[in-house]
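Along the sequence shown, residues carry numbers from 1.
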Amino acid sequence: MRVLRFIAAAILCVVTQAARADDTEPAWRASALAMVPAGFVAGTAYRTDGSTGYLAVYPATSNDPKTPASVFAARQALVVKLMPDATRAVSAELKPRTGPDPDNDDTDFAKLHADLAAKRATLPDGTEPCDLGAWSIDKDPDGLNVRAEPSVKARVLGTLPPPYRLRLGGAENTPDGGWLTEFRIIGFKDGWFLIEGAKPPGKDYEDDKRYPRSAPKPYAGRGWVASNKVGAAYANDATRMGGLFQAPFVDAKWMPAQRELGGAIDTDGGPKRLLACSGLWGLVESHDGVRGWWRALCSNQVTNCS
């Protein structure tokens, strides 16, 4: 059911974003930018209602991995009083946002995020709920430590294998760098990802009957791994391709970003770094140094996640 709801939300979002791609910003937005309070970044001017305009704004620290934004947090908007012809801003006031914008996909994805928020009670205190696919990028021969708490001093529960170079006499599908150990990210706290469900490296992509019993076996339970040891691929997030958002919302400021080999980011490849997460969003750094949010990350090592 969750997959079907995600697909439905994605289809709606593609249609909405395609329509918005041809829209121009309302004339009043340019003059309203000077009224954005210090410490906030302007996003989309998402509604004009007579002589009142509504500008999405998010804290300037939303894409800082030390203070990442939360998709579950209450939002604010800059409510702008306009001239009678609605072309210029006269004054503005920061107010709580009463609900999602009906013209984008916030409502549909809010349902998915509500399911994740309901699981918060099952996570350790202070953990931000997430749902992303990812893999270990740690090349330490001893493997990546999975810890009982988000701390380098915490007890080690087990390890995730380093890249595994499977040899089956030429019948293997092993990539040049070896198979990476995949898992699900279910939470984030203070620079650490809470993970579970790690799989033996490459087992999903090789002949199951020939996959060796001697292959490394990862710790598959729940535990914490350092965020700088984790990577992922961009998945089709049903939002705007080619860049990242300043906050984990589709009406936040959008910033163009590049792939590793050049060209606008899309579902081919992944970010340079995965920094944090919130719900279905990942805070990443692109290969050209842009830091922002991308919705939906996956761990498919043989094709893109479109």
Discussion item. Can a donor-acceptor pair be found, under 3.5 Å and without considering hydrogens, that links the side chain of D64 to the backbone of K66?
Written reply: yes
Worksheet item: Are any side-chain N or O atoms of E285 and backbone N or O atoms of L275, one a donor and one an acceptor, separated by less than 3.5 Å?
Response: no
Worksheet item: In Å and rounded to the nearest 0.5 Å, what is the OG1 to NZ distance from T44 to K253?
Response: 12.0 Å
Worksheet entry | Backbone of P59 reached by a side-chain donor or acceptor of Q246 within 3.5 Å | yes
Worksheet item: Looking at L274, I265, L283, which hits side-chain contact (heavy atoms from CB on, under 4.5 Å) with W294?
Response: I265
Item to complete: Before accepting this row, confirm whether a basic side-chain N of the pair R97/D251 lies closer than 4.0 Å to the acidic partner's carboxylate O.
Response: yes
Fill in: More than 12 heavy atoms of other groups within 6.0 Å of K81 NZ
no
Worksheet item: Counting distance only, does the side-chain N/O of H287 pair as donor-acceptor with the main-chain N or O of G262 below 3.5 Å?
Response: no
Discussion item. Under the disulfide bond (SG atoms under 2.5 Å apart) definition, can you give me all pairs with a residue in residues 228-299, not counting sequence neighbours?
Written reply: C130-C277, C298-C305
Item to complete: Measure the CH2-CZ distance between W281 and R295 for me, rounded to the nearest 0.5 Å.
Response: 5.0 Å
Worksheet item: Near K217 NZ, under 6.0 Å, is it more than 12 heavy atoms from other residues, nucleotides or ligands?
Response: yes
Item to complete: State whether the side chain of T174 and the backbone N or O of R165 hold a donor-acceptor pair below 3.5 Å, judged by distance alone.
Response: no
Worksheet item: Do L160 and W192 belong together in a cluster built from hydrophobic side chains that touch within less than 4.5 Å?
Response: no
Item to complete: If the plane angle is over 60° it's perpendicular, under 30° parallel, otherwise tilted; pick one for Y211 and Y164.
Response: perpendicular
Worksheet item: Just by distance, with hydrogens left out, do D288 and S286 show a side-chain donor and acceptor under 3.5 Å apart?
Response: yes
Worksheet item: If you count the non-hydrogen atoms of other residues, nucleotides and ligands that lie under 6.0 Å from CZ in R29, is the total more than 12?
Response: yes
Item to complete: For W224 and K189, indicate whether the former's side chain and the latter's backbone hold a donor-acceptor pair under 3.5 Å.
Response: no
Item to complete: Report whether Y58 and M35 are members of the same hydrophobic cluster (ILVMFWY, side-chain heavy atoms less than 4.5 Å apart, transitive linking).
Response: no
Worksheet item: Taking the side chain from N300 and the backbone from T303, do they hold a donor-acceptor pair closer than 3.5 Å?
Response: yes
Worksheet item: Is Q76 atom CD crowded by more than 12 heavy atoms from other residues, nucleotides or ligands, each under 6.0 Å away?
Response: yes
Item to complete: Hey, can you tell me if F188 and F193 have their rings parallel, tilted or perpendicular (30° and 60° cut-offs)?
Response: tilted
Worksheet item: Is there side-chain contact between P212 and L166, with heavy atoms separated by less than 4.5 Å?
Response: yes
Worksheet item: Can any side-chain N or O of S136 pair as donor or acceptor with the backbone N or O of T181 at less than 3.5 Å?
Response: no
Worksheet entry | Distance in Å, I195 CD1 paired with E182 CD, rounded so as to fall on 0.5 Å steps | 12.0 Å
Worksheet item: Backbone N or O of V152 within a donor-acceptor pair of the R147 side chain at under 3.5 Å?
Response: yes
Discussion item. Quick check against the 3.5 Å criterion: does R291 have a side-chain atom that pairs as donor or acceptor with the backbone of N63?
Written reply: yes
Practice prompt. Please indicate whether D85 has more than 12 foreign heavy atoms, meaning atoms of other residues, nucleotides or ligands, lying under 6.0 Å from its CG.
Written response: yes
Fill in: Rounded distance (nearest 0.5 Å) linking atom OH of Y54 with atom OH of Y46
7.5 Å
